[in-house]
Amino acid sequence: MRQYTPGSRTPGDTIVGMKEPLLEWPAVGVTRSPYRVMSDPEIYAQEQQRIFRGPTWNYLCLEAEIPHPGTFRTAFIGETPVIVTRDKEGGIHAMVNRCAHKGAMLCVDPCGKRDTLVCPYHGWAYDLQGKLRGVPFQHGVAGKGGMPDGFDLTQHNLERVHVQSFYGLIFGTFSTTAEPLQTYLGPAMIDHISRVFHKPIEVLGYHHQVLHNNWKLYMENSRDPYHATILHTFYATFKLNRLTMDGGILVDHDGWHSINYSKGATLREGGGEYESGIRSVVEDVGLADPSLIHRKQEFDDGITVAIQSLFPSCVNQQIYNTLALRNVVPQGPLQCELHWTFFGYRDDTPELREMRLKQSNLIGPAGYVSIDDGVIGEYVQRGIAGTGIDASAVMEMGGHEVASTPGSRATEATLRGFWTGYRALMGL
Amino acid sequence: MRQYTPGSRTPGDTIVGMKEPLLEWPAVGVTRSPYRVMSDPEIYAQEQQRIFRGPTWNYLCLEAEIPHPGTFRTAFIGETPVIVTRDKEGGIHAMVNRCAHKGAMLCVDPCGKRDTLVCPYHGWAYDLQGKLRGVPFQHGVAGKGGMPDGFDLTQHNLERVHVQSFYGLIFGTFSTTAEPLQTYLGPAMIDHISRVFHKPIEVLGYHHQVLHNNWKLYMENSRDPYHATILHTFYATFKLNRLTMDGGILVDHDGWHSINYSKGATLREGGGEYESGIRSVVEDVGLADPSLIHRKQEFDDGITVAIQSLFPSCVNQQIYNTLALRNVVPQGPLQCELHWTFFGYRDDTPELREMRLKQSNLIGPAGYVSIDDGVIGEYVQRGIAGTGIDASAVMEMGGHEVASTPGSRATEATLRGFWTGYRALMGL
Amino acid sequence: MRQYTPGSRTPGDTIVGMKEPLLEWPAVGVTRSPYRVMSDPEIYAQEQQRIFRGPTWNYLCLEAEIPHPGTFRTAFIGETPVIVTRDKEGGIHAMVNRCAHKGAMLCVDPCGKRDTLVCPYHGWAYDLQGKLRGVPFQHGVAGKGGMPDGFDLTQHNLERVHVQSFYGLIFGTFSTTAEPLQTYLGPAMIDHISRVFHKPIEVLGYHHQVLHNNWKLYMENSRDPYHATILHTFYATFKLNRLTMDGGILVDHDGWHSINYSKGATLREGGGEYESGIRSVVEDVGLADPSLIHRKQEFDDGITVAIQSLFPSCVNQQIYNTLALRNVVPQGPLQCELHWTFFGYRDDTPELREMRLKQSNLIGPAGYVSIDDGVIGEYVQRGIAGTGIDASAVMEMGGHEVASTPGSRATEATLRGFWTGYRALMGL
Amino acid sequence: MIDEIVRRQIEDLHTRYIRAIDDDRLEHWPALFTEQCVYKIMTRENYDRGLPLAVMDCRSRGMLEDRVTGLRKINVFEPQRYLHQICGLSIDGIEDGAVRCRSNYLVVRTMAEGAMSIFSAGIYLDRIVLEPSGPRFEERIVIADSRRIDTLLVIPL
Amino acid sequence: MIDEIVRRQIEDLHTRYIRAIDDDRLEHWPALFTEQCVYKIMTRENYDRGLPLAVMDCRSRGMLEDRVTGLRKINVFEPQRYLHQICGLSIDGIEDGAVRCRSNYLVVRTMAEGAMSIFSAGIYLDRIVLEPSGPRFEERIVIADSRRIDTLLVIPL
Amino acid sequence: MIDEIVRRQIEDLHTRYIRAIDDDRLEHWPALFTEQCVYKIMTRENYDRGLPLAVMDCRSRGMLEDRVTGLRKINVFEPQRYLHQICGLSIDGIEDGAVRCRSNYLVVRTMAEGAMSIFSAGIYLDRIVLEPSGPRFEERIVIADSRRIDTLLVIPL
Ligand code: FES
Ligand code: FES
Ligand code: FES
Ligand SMILES: [Fe+3]
Ligand SMILES: [Fe+3]
Ligand SMILES: [Fe+3]
């Protein structure tokens with residue numbers, strides 16, 4: 001069931017001889033999204049062009065991952081492989097991981113340290129800014145062959161990705177017309193990033209999880225307050241997260257981005273549906289070792305769970321004392337890979353570090369909370385197979401608007417916001 | 001070699017910006033079928049729309065598999081996942097296995113018992129008729145959020161599949177304009193179904209077999225009298241089935257459906273090609289344990305082998321005392337899955353039951369007779385790779401007509417009948 | 001990551017409703033090739049039609065592999081399965097490995113001996129020239145059924161492939177308008193073939209290697225003098241091959257074909273970049289058992305390494321005393337399979353035979369030299385994923401022309417020649 | 001408590017079993033069973049639901065021999081080989097003269113042109129009798145985890 | 001030099017371990033560990049880079065029991081089974097009363113509808129204590145070669 | 001009749017062999033062979049047809065060492081690991097001082113970014129000499145069921 005080929009259609013496919021329109025969006029707007037956007041290869045190819053190569057800012061990696069001059073890390077923007085480097089002067093650069101000569105991938109290792117980037121195929125050598133510095137046999141051998149006169153190295157640099165770093169998070173864009181990063185994020189998103197990244201962090205490890213669903217199904221899931229306390233039985237059963245706590249959702253940039261937060265200490269017993277026997281609360285179940293969910297209140301705003309979802313494909317999560325960034329890499333219309341970067345603070349006490357690691361059982365591919373998200377997108381992908389042409393998802397919870405509701409999470413405004421951004425970029 | 005993605009193209013793909021015509025059918029008609037229909041993704045997507053979602057009746061399951069109120073079984077119509085239920089009053093219903101909210105598959109288990117169908121994602125609850133009965137947090141929490149006024153549950157039921165049950169076989173259609181089931185089947189098909197299902201049956205087990213060929217190659221095979229005694233050496237060698245027995249073929253509904261039967265007791269020694277050294281008769285081979293092919297004459301019409309093939313994708317087989325339904329589930333242009341339901345009668349004696357089970361060595365993925373069919377469709381699929389644009393299969397055995405020939409099985413009329421139905425629905 | 005289906009699109013797809021143009025070739029011509037040609041399914045399908053079914057001569061097998069009457073071997077022309085036979089009179093024939101009845105593959109075994117080719121499905125029997133000789137039940141049974149009057153066996157032969165054998169190499173074409181083989185090859189190619197195949201050869205074994213890249217990336221690699229001494233560190237480090245040896249490249253038929261050769265005994269110490277620390281020369285490394293690279297000078301022209309690349313998909317290699325043919329079988333835009341046929345001469349001394357086998361450690365999927373080529377094409381395929389629409393490879397080494405340069409290998413003329421042929425056939 | 005000698009004998013029987021199949025010496029396979037033997041391949045789906053249908057259902061050594069005949073002379077299928085991995089043999093007791101044991105198996109199937117796949121994985125449930133001539137299978141029930149068979153099954157598991 | 005009896009005991013512990021998981025009798029799985037045990041699943045990527053994050057990180061038998069509770073009552077996932085292959089057990093020494101050993105494992109996962117895949121392959125690094133009642137795992141570190149988890153991991157490896 | 005001590009020694013040699021490879025300690029791999037050894041990887045296709053071509057063809061310990069040099073310093077390939085499963089060891093006799101034995105192997109290859117695949121499956125045909133310092137391989141012929149190699153083969157099987 002791993003079936004489509006990343007890269008088998010370049011965006012060009014859809015420019016030359018492109019079918020217009022790719023689809024008709026339902027007239028009611030963002031309270032509906034047609035299921036076809038989750039499976040159509042043509043639409044998928046367009047997303048690569050219009051979203052990932054378009055005026056979006058894409059999370060690449062953390063500055064903490066390339067701390068020293070010469071260190072690099074590879075990443076993806078959509079399907080495009082990218083290298084992020086720190087140069088001798090400490091400057092940060094990003095470029096496509098594709099040799100300017102005949103296209104070979106330059107860096108296979110996920111990270112490392114290099115003085116120059118040398119292509120294995122014919123040895124073209126680039127500096128850490130992606131500038132071509134050397135071409136073997138440029139002048140031939142014994143005066144024969146080599147590059148023609150007027151061959152200009154400066155015309156053969158690596159394709160550049162524009163980068164901006166914010167609180168140690170490095171974002172990149174292919175677009176020269178993208179808004180500045182902070183404008184793209186908006187004030188509420190900026191506040192939340194600064195809240196989490198206000199002091200030096202330390203990476204504690206990675207997870208890589210293959211999901212058999214369209215990348216957008218995961219991004220919807222990440223910003224969906226509605227499913228959190230129903231699908232995730234662990235949340236509701238052990239009262240880590242319920243809609244009957246204080247909490248809310250914040251959106252920014254017309255809803256392209258969102259935050260969904262709750263405050264564990266404010267749980268109101270009763271109320272909501274939790275006592276009315278929905279499956280999300282399991283009776284007569286306890287933890288043999290409850291130390292798993294002992295938590296330390298790290299932030300004075302009282303927020304114990306906060307999921308920030310940045311358009312198009314980045315998630316910044318706090319669940320109790322677990323802190324992680326999640327990045328979704330599309331791998332065809334029916335698959336994506338979720339990259340988790342789990343971190344703490346450099347000044348964590350040993351006890352707090354241990355607490356984070358013990359709580360890591362809550363998240364990741366085997367997390368009590370996130371296990372369910374590993375399959376639910378696949379359930380949707382399989383559920384929508386063979387749908388009729390007009391079938392669409394319904395998102396009316398909380399009305400038809402896209403707006404922050406600091407007092408309520410019984411809403412799908414965050415999803416309507418995602419589709420607002422999607423439609424704007426895709427011209428749908 | 002498992003390469004295409006079921007569901008990666010919704011029928012919609014081919015409506016918006018559809019290429020017309022998909023192909024030119026050979027002018028001579030149904031004595032030819034172009035190989036392209038066996039591999040083209042565009043045509044495959046059209047089949048989902050025009051055949052499986054069109055005015056056809058698709059076998060879903062047996063009433064015996066959902067005997068009690070609340071029992072359900074999942075199935076497929078083409079690529080579309082379906083749930084078949086029996087409600088509290090004993091009524092039978094079918095609906096798409098896709099939540100009306102955001103499309104999650106509702107039932108993952110192949111069968112079971114439920115009071116209501118509850119979606120794992122956000123807990124929308126449906127009754128056994130597919131009607132939406134509950135939406136968690138419909139009215140929000142503490143007066144905030146929830147569904148907007150005027151949100152109408154009755155507008156969000158599961159997509160309905162129309163069902164009709166006939167002698168315990170449950171068929172479904174998406175089409176509101178399909179003929180009644182019995183008209184669709186026709187008198188000859190009805191007679192044969194009643195012959196086999198005249199008394200209560202009992203399911204003895206299932207087989208699931210992945211075939212690396214287009215679903216139509218299997219359906220052609222199932223109704224092809226020509227291959228039976230040549231490819232299936234076991235038939236001819238051990239005289240279970242030869243064209244030199246009394247037998248014939250019956251077609252119905254312009255040949256959309258067919259039956260191919262023979263009477264083992266009527267074998268004429270000599271005649272036909274069997275003595276002229278075709279490979280289908282192996283010399284000097286015997287069975288160390290001949291009890292395998294001892295049979296009991298169950299039906300007074302003397303028929304010992306009968307294969308009924310119902311358009312588009314169901315087969316009802318009797319081979320000696322083995323009784324089984326076979327249903328083909330398309331999984332992309334190059335793969336399908338064959339689901340076998342092996343059964344006997346509830347009033348079978350222990351001896352007869354044992355005989356059926358011993359004879360089960362004749363059928364299924366490891367059956368002496370059916371092993372050959374497991375690969376022959378793949379041989380065709382590989383044989384037609386890279387064919388020129390006009391390459392077509394040839395079906396002239398028995399002439400150019402589509403008609404029953406009660407006295408003869410040296411014909412491909414049943415195949416011409418299949419393509420008659422295919423062309424009518426596909427507009428080719 | 002093995003994702004596309006060979007055969008899932010027949011060339012017909014691209015004729016009916018074909019998008020024109022498939023792409024715009026860069027105006028500068030063959031010093032550029034757009035990356036899209038390496039991944040677009042539409043272009044891939046066109047190649048099957050215009051190149052492999054077009055006026056090209058495709059290597060099929062060696063006469064030595066079908067030495068006796070009745071022996072056969074299977075092969076591929078592009079995706080199309082082919083059978084090559086030697087008939088009773090010793091004549092050589094080739095035909096598509098697809099039954100003329102309903103398309104089943106006739107020969108599954110890679111080689112063997114047969115009097116007739118009998119289809120497993122319905123027993124149609126063909127002679128070794130592909131002529132239909134027998135149709136079971138052609139006249140029905142007891143006067144009923146069978147083929148209609150006027151059914152003409154001669155109209156149902158296997159699809160013919162035109163063959164020409166040259167020095168024991170058998171080539172085939174589908175085209176009736178192709179030039180004669182020797183005109184297609186040209187004088188320089190003919191000389192080199194006669195050089196290697198001047199006396200009876202003996203096959204010593206096969207390798208089959210799956211490459212996760214477009215077939216053209218391998219063909220480019222095979223004729224690329226530039227990468228040889230840089231990617232292949234073994235060459236440069238142990239001085240088997242350097243650009244500072246005498247050597248050159250020869251092209252023929254507008255550069256469709258090429259030879260890249262060097263003379264090991266002529267190495268000039270110093271010069272070139274090898275001493276300037278490019279990665280292709282590893283310091284302080286030796287062989288614990290140098291007998292691996294002891295060689296015997298077999299050819300009096302002093303050539304020790306010669307790679308001949310014949311358009312579209314055949315390579316004839318001599319590396320020291322290893323002799324092999326390589327043939328690339330496309331398996332979708334993103335995969336191909338490389339078939340190696342390793343041989344010596346029938347009159348080899350036991351010592352020379354042993355030397356060839358010991359040197360076989362240099363080539364094949366585990367060869368010190370060729371290991372690198374196993375992955376480099378995949379690195380390119382991954383590097384070009386998600387490229388912008390205009391991204392192209394650059395081939396300016398040695399200027400912009402396509403011409404032989406007997407004195408120099410610091411050139412990409414051979415690659416420009418490949419694209420000259422490609423554009424001519426593809427109409428790009 | 002079965003001693004180590006018996007355990008080794010049973011391990012050797014298992015090794016001879018996978019050799020006969022993996023080396024395509026299937027003619028030696030029936031002799032590893034008693035005359036009145038049972039050999040069944042069942043899917044976990046049918047087995048767990050108490051449904052009697054088997055993929056292969058042999059109730060005598062003769063039926064095993066007939067399976068070899070079918071494979072050699074009767075059926076059409078693509079040339080293929082198996083490669084077994086087995087582990088976790090446990091000897092679970094004696095039952096009217098036969099040793100009950102079980103183990104895990106994994107079969108990798110390789111087609112002539114080179115395609116490899118996990119063809120089947122599951123357990124062997126055995127009853128083995130210790131005859132003077134050595135141990136033989138009185139009963140081997142193969143329970144395959146997957147309900148799916150890819151293409152066809154013609155070589156025993 | 002550990003003698004063969006101990007080796008056999010440890011092999012039996014390994015067999016009971018894979019039985020408990022492959023037979024879906026996970027309730028018997030925690031008892032194979034000591035009260036104060038460590039059970040971790042780590043990817044080779046994190047392990048080799050000295051990063052402490054684990055995929056599953058249990059530091060008491062209670063946490064193992066909670067994993068079974070989660071699987072039985074809490075989490076949503078597609079029905080699936082594992083089939084283990086293990087080999088290459090080596091006993092590498094004694095360390096404050098515990099036997100250090102390791103082995104290779106391979107887990108084939110089969111989904112309800114029949115899809116099989118290599119879900120995980122890697123090594124077990126164990127510390128086993130020989131209690132009067134038999135051997136138990138004091139520590140089992142599972143190191144998976146692949147950094148990828150397909151879909152989710154809910155059944156222990 | 002080879003006794004159990006020898007069998008255990010040979011099993012340990014096999015275990016050291018897969019450790020050296022699976023742990024990427026290939027520098028320890030040549031020492032498991034005698035000075036004058038043969039190590040060949042052949043495909044079943046060539047082997048059965050009597051064709052002498054091997055995928056890897058080493059005729060001395062030096063050539064094994066050179067293979068490690070090539071892998072460490074010379075060749076370009078994507079970072080990858082192997083995980084072996086072996087089973088079914090049989091000791092088939094003594095031949096001029098060497099023990100002939102064979103076993104089944106399965107190698108799962110895992111790439112740096114996480115892709116796992118069945119890379120090779122087949123048998124080991126060995127000649128093992130029992131030196132005072134312990135047993136060593138005098139000859140190991142690896143016969144791979146599949147004629148196909150995916151991408152390349154640089155780590156020995
Ligand atoms: S592809 Fe990078 S140097 Fe040629
Ligand atoms: S998808 Fe079913 S309740 Fe939301
Ligand atoms: S397909 Fe070959 S005889 Fe019918
Ligand atoms: Fe979630
Ligand atoms: Fe059949
Ligand atoms: Fe090369």
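Everything numeric in this text was worked out from a predicted model, so none of it was measured. Residue numbers start from 1 in every chain, and the chains themselves are labelled A, B, ... in the order their sequence lines are given, proteins ahead of strands. Hydrogens, waters and symmetry mates are skipped; everything else that's a heavy atom, side chains included, is used.
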Is A:N214 close to chain B through its backbone or its side chain, or both, or neither, when contacts mean heavy atoms under 4.5 Å?
neither
Quick one: list whatever passes salt bridge (Lys or Arg N to Asp or Glu O under 4.0 Å) with B:E159, sequence neighbours left out.
B:R53, B:R98
Find out whether A:R382 and B:P81 are in side-chain contact, i.e. whether some heavy atom of one side chain is under 4.5 Å from a heavy atom of the other.
no
Within residues 99-111 of chain B, the residues sitting under 4.5 Å from chain A by heavy atom, in sequence order, are B:C99, B:A100, B:H101, B:K102, B:G103, B:A104, B:M105, B:V108
Exam field: side chain A:Y226 to backbone B:P136, donor-acceptor pair closer than 3.5 Å
yes
Under 4.5 Å from any heavy atom of chain B - which part of A:A228
neither
Answer yes if the side chains of A:D372 and B:Y121 hold a donor-acceptor pair under 3.5 Å, and no otherwise.
no
So for B:H156, is it side chain, backbone, both, or neither that comes closer than 4.5 Å to the heavy atoms of chain A?
side chain
Mind listing the closest non-hydrogen atom pair of B:E79 and A:G386 along with its distance?
OE1-N, 4.2 Å
With a 4.5 angstrom heavy-atom cut-off, could you sort out which part of A:H232 is near chain B: side chain, backbone, both or neither?
neither
Hey, are the side chains of A:T387 and B:T80 touching, using non-hydrogen atoms and a 4.5 Å cut-off?
no
Chain B heavy atoms under 4.5 Å from A:I376: which part of the residue, side chain, backbone, both or neither?
side chain
Which distance, rounded to the nearest 0.5 Å, do you find between the OG1 of A:T244 and the CZ of B:F137?
7.0 Å
